[in-house]
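Read the structure below first, then the notes.
Residue numbering restarts at 1 for every chain, and letters A, B, ... go by the order of the sequence lines. Bear in mind that the values here come from a model prediction, so they are computed numbers and not experimental data.
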Amino acid sequence: MIEVLMWTAVSVAFAMALVVILERAEFGIEEAIDRRNIRRYRPLVERAMAGDDAARRALGAAPARHRITIAWLVIEPLIEDRDPTRIDRARAIAQASSLFPVADRYLRSRRWWRRARALRALGLIQATDRTPQLVAALDDPHPDVRAAALDGLTDMRDMTALEAIVVRVHDTSLHRGRRGAALRAFGTACEPFLLELAAVDPENRLNYIYALAICGTARSRPVLCRWTEDPRVEVRATAYEALGYVGLDDESARVAIEGLKSVDPQVRAMAAYALRGWGQGHAADRLAEHLDDTWAVAVQAARSLQSMGPAGTAQLQARAPREGMGGVLARQLLWQAGDHQS
Amino acid sequence: MTFLAQALVAFALLITAYFTLWNLSQILMAPLAIRSLWRHRLRYTRRARKLAGGVAVPRFVSIVAPAFNEESTIVESVRALLAVDYHPREIVIVNDGSTDRSLAVLQETFQLVPAPLAFDLPLPSEPIRGIYRSVSEPDLVVLDKENGGGKADAVNAGINVASGVLVLVIDADTVLEPDALTRAVLPFLEDTSTVAVGGTVGIANGSRIQNGRVIDTALPAGWLARFQIVEYMRAFLLFRLACASQNAVVLISGAFGLFRRDALIEVGGFDRTAIGEDMDITVRMQRHFRERGEPIRIGFEPNPLCWTQAPEDWRSLRSQRYRWRRGLLQTLWRHRRMIGNPRFGSVGLFPMPYIAFFEGLGPLLEVGGYGVTIVAASFGYLDWKYFAVMLAVSVLFGVATTLLAVLLNDVTARRYMRGPDLALLVVVAILEGFGYRQINSIWGCIGTFKALTGTGGWGAMNKTAFR
């Protein structure tokens with residue numbers, strides 16, 4: 001028994017050392033093959049991406065086993081470089097190299113990572129004829145595939161997918177950050193849908209406010225102003241925050257100044273935030289009164305004053321000599337604004 | 001055979017079984033770790049990483065780096081922080097009452113000027129002597145405070161001043177990977193219950209660092225640092241990764257921890273009385289949110305997020321290990337209610353009992369086992385073969401575990417790409433089991449004694465400027 005244990009230990013240690021060496025050897029071989037393929041196809045891909053038809057045809061004639069390498073060389077740079085001409089050319093190369101049948105096969109694969117990879121690739125080359133597949137993948141059972149579908153649709157920017165994205169604004173099975181990124185990619189085009197849906201779905205108002213903060217315009221202002229009277233504190237506060245993103249007009253600025261009187265600090269803080277950049281009327285005077293409010297409100301008030309230009313600076317300068325938190329905040333923001341350089 | 005001899009044989013076999021179980025449990029963690037690595041590789045693609053810059057409102061990150069007598073490395077460290085390719089961010093250096101020229105070199109290099117800074121004080125810390133901002137680097141804030149006797153106090157002061165939604169707590173000598181923050185922020189964007197993210201820490205000794213970036217990884221010349229490299233691999237890529245796969249991370253390394261600021265404040269910040277403040281804060285967060293039935297996720301990034309200097313002399317290493325040991329035991333004692341308690345979910349059922357049984361008892365049983373069998377064999381009460389088997393099982397299974405970690409490291413990070421480096425790493429993994437691990441166990445026993453008697457301080461480490 002003891003001997004068996006000893007020999008087991010020796011064997012396990014030896015086997016592990018062998019595995020380390022074999023793994024590295026296998027990696028070395030794989031890398032050498034990859035290097036060779038990349039050396040062979042990169043110049044062709046570069047020429048094809050520059051518009052050379054002969055290079056595109058040459059890529060199309062490449063053996064089927066090299067298609068994935070070609071796809072990687074063509075598509076991966078598009079993650080950073082979203083130049084429309086390059087995207088069009090990449091799509092043409094994908095067509096010539098018969099990459100679409102490969103993508104379709106991957107989309108039907110039982111392996112989730114293959115489906116995810118195909119969805120991202122199709123989005124990157126803006127293969128809009130595959131939009132229905134990407135929309136359908138938003139309901140895939142695997143969360144990473146759903147995430148990839150949303151990434152793909154974000155990159156695709158096909159307006160026919162807009163509604164499918166907007167209706168999923170509070171779908172928690174999709175990553176929150178990705179939902180925001182998708183709305184941001186489509187921008188103000190989402191706004192009419194959001195307002196329409198929000199009108200019939202008060203339960204999820206908070207999510208609509210978050211969304212309007214990302215892609216809302218002046219059109220959303222009246223609705224957001226109305227929502228600052230919602231019975232829920234969080235909704236009221238977020239509505240003010242969204243007004244800050246959307247920007248104010250006279251009426252919404254009046255609403256924001258009213259919000260500074262709220263008994264709830266969270267609402268006051270966001271009302272102060274909403275006034276950022278609004279240097280008209282009595283906004284600066286009202287905000288300055290809140291420099292000695294609770295910390296969360298005081299910080300927002302100070303930052304909004306800083307953003308207001310001469311009106312805000314005057315209020316900060318008036319408060320700076322004073323003792324207490326308001327004075328320190330005023331001095332800090334004046335310093336940040338560049339007083340230290342003078 | 002006398003009763004004493006029989007008892008000694010039973011003891012020797014029990015200890016051998018314990019070693020076997022310990023090492024096999026680590027080897028059995030490999031499938032979990034590999035699955036976690038594989039999923040991570042497939043999920044966090046280059047396109048996925050782009051999300052950090054594509055979200056509607058990128059998370060503002062405050063990087064808090066406490067510094068105590070870091071004169072030789074502080075400028076290089078701050079430059080490295082400024083080179084991090086994540087925005088929006090601010091860098092808060094907390095000079096924790098250094099007695100050397102740390103503050104002076106910062107003032108000279110980065111044109112620091114006294115600046116007003118208003119902040120709330122939700123966390124307790126020692127008084128602040130001054131706040132400086134850099135004229136040349138607008139993102140840099142330097143906080144000069146009274147020494148609070150530990151990193152926790154300095155970090156709390158930094159968190160108070162931080163204006164970010166997320167706070168990255170690092171050591172002043174940590175060298176971040178350029179995309180470390182982009183990678184670490186992703187779990188927060190994807191899952192709103194994420195309160196913290198930790199990751200693998202690499203050892204920078206021997207590697208070439210230029211403009212605050214590790215540009216060439218190589219093994220150090222000294223054996224002590226080499227042993228620590230494989231030791232770190234074992235710690236990060238087996239147990240912690242296995243924990244991460246079960247959402248049961250109980251230790252975010254002090255060298256790199258990205259936290260949600262509101263969550264840190266909710267749990268009362270870093271505990272100034274904690275010896276192992278990094279493990280304490282992680283376990284406390286797990287406990288706090290799980291006790292309230294609130295969802296909690298602590299993420300773990302297996303690819304190296306940062307690099308740190310390992311002690312290259314025995315004295316520094318010894319004092320570090322004493323401190324780690326005392327910190328471990330203190331945290332286990334404070335949170336003993338979590339051990340084996342299903343109320344705390346996977347954390348109570350997996351890492352806490354594991355740490356208590358193997359990490360907590362391990363050094364005592366190892367040193368005790370060797371000691372008793374050597375004495376018993378010397379006096380003829382026990383056959384020497386029992387000692388030989390115990391040693392062989394402990395060492396060889398240990399070597400196998402370390403080699404497994406080397407393999408995982410090679411698959412994930414591909415850090416030591418030169419053939420001779422890998423060969424040397426395998427040799428180091430084998431030699432580490434002969435002497436270094438046993439010395440660590442002895443230090444573990446002394447650390448336990450110090451923990452029980454309440455002796456021992458923070459311990460100093462001799463540091464040199466990065467190469």
Side-chain angles (χ1 to χ4, degrees), chain A residues 2-3 5-6 8-10 12-17 19-21 23-24 27-28 76 79-80 112-113 116-117 120 123-124 144 147-148 151 154-155 175-178 180-181 183-185 210 213-215 245 295-296 298-299 302 320 325-336 340-341, chain B residues 13 16 20 23-24 27 39 42-43 45-52 54-57 113 115-120 122 131 133 135 138 163 186 188-192 385-386 388-389 392-404 406-407 410-411 414 419 422-423 425-426 429-430 433:
Chain A
I2 286 172
E3 275 187 6
L5 197 61
M6 251 181 96
T8 308
V10 171
V12 170
F14 182 73
M16 212 52 83
V19 170
V20 172
I21 293 159
E23 186 279 325
R24 178 58 76 90
F27 173 74
E76 229 220 352
I79 294 172
E80 303 299 334
W112 68 264
W113 61 92
R117 200 176 290 172
R120 289 209 169 96
L124 285 167
D144 287 300
D151 282 347
T154 305
D155 291 331
H175 295 141
R176 186 178 166 186
R178 285 194 165 89
L183 291 174
R184 190 185 174 201
Y210 282 131
I214 296 168
C215 56
Y245 284 110
W295 171 251
V299 167
M325 183 61 76
V328 184
L329 261 172
R331 290 197 291 279
Q332 176 192 343
L333 293 173
L334 287 169
W335 189 93
Q336 284 176 358
H340 64 290
Q341 286 163 350
Chain B
L13 290 176
T16 308
T20 311
N23 287 300
L24 282 181
I27 292 172
R39 277 185 65 92
L42 291 171
R43 289 186 67 187
T45 57
R46 201 171 142 199
R47 174 62 184 83
R49 286 203 296 275
K50 202 188 161 201
L51 179 67
V55 290
V57 187
V113 291
L117 187 63
F119 51 89
D120 201 8
I131 294 169
R133 297 192 85 137
V135 176
S163 44
L186 275 177
F188 291 97
L189 299 176
E190 292 190 344
D191 188 345
T192 47
K385 77 175 181 192
Y386 289 104
V389 169
V393 165
S394 159
V395 168
L396 291 171
F397 274 134
V399 167
T401 312
T402 310
L403 285 169
L404 184 61
V406 170
L407 176 73
D410 204 40
V411 172
R414 304 269 175 217
L422 182 73
L425 211 53
V426 172
I430 293 166

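Of the atoms belonging to B:T401, not a single heavy atom falls under 4.5 Å from chain A. Residue contact with chain A, scored on non-hydrogen atoms closer than 4.5 Å, involves the side chain of B:I27 exclusively. With a 4.5 angstrom heavy-atom cutoff, B:A429 does not touch chain A via any of its atoms.
Across every non-hydrogen atom of A:V12 and B:A400, the tightest pair is CG1-CB, 3.4 Å. Across all non-hydrogen atoms, the minimal contact from A:W295 to B:F119 is CH2-CA, 3.1 Å.
Residues forming a salt bridge (charged side-chain N to carboxylate O under 4.0 Å, His left out) with A:R176 (at least two apart in sequence, or on another chain): none. Every residue two or more places apart in sequence or in another chain that forms a salt bridge (charged side-chain N to carboxylate O under 4.0 Å, His left out) with B:R39 is listed here: A:D144.
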Set out, in order, the CA-CA distance, both residues' side-chain angles and the distance that settles side-chain contact (heavy atoms from CB on, under 4.5 Å) for A:M16 and B:T402, then state yes or no. CA-CA 9 Å; A:M16 212 52 83; B:T402 310; over 6 Å; no

Step by step, would you call A:W335 with B:V113 a side-chain contact (heavy atoms from CB on, under 4.5 Å)? CA-CA 11 Å; A:W335 189 93; B:V113 291; 3.5 Å; yes

Derivation and outcome, side-chain contact (heavy atoms from CB on, under 4.5 Å), residues B:R47 and A:T154: CA-CA 11 Å; B:R47 174 62 184 83; A:T154 305; 4.2 Å; yes

Let me see the working for A:R120 and B:R46 under side-chain contact (heavy atoms from CB on, under 4.5 Å), right down to the final yes or no. CA-CA 11 Å; A:R120 289 209 169 96; B:R46 201 171 142 199; over 6 Å; no

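Atom OG1 of B:T45 sits about 7.5 Å away from atom CG of A:D151, to the nearest 0.5 Å. Atom CG in B:L403 sits 9.0 Å away from atom CD1 in A:I21 (nearest 0.5 Å).
In terms of heavy-atom pairs under 4.5 angstrom with chain A, the leader among B:V399, B:V406, B:V426, B:L422 is B:L422.
Other residues, nucleotides and ligands contribute only 12 or fewer heavy atoms inside 6.0 Å of the CZ atom of A:F14.
B:E190 and A:R178 are joined by a salt bridge, as a carboxylate oxygen and a charged side-chain nitrogen come within less than 4.0 angstrom of each other.
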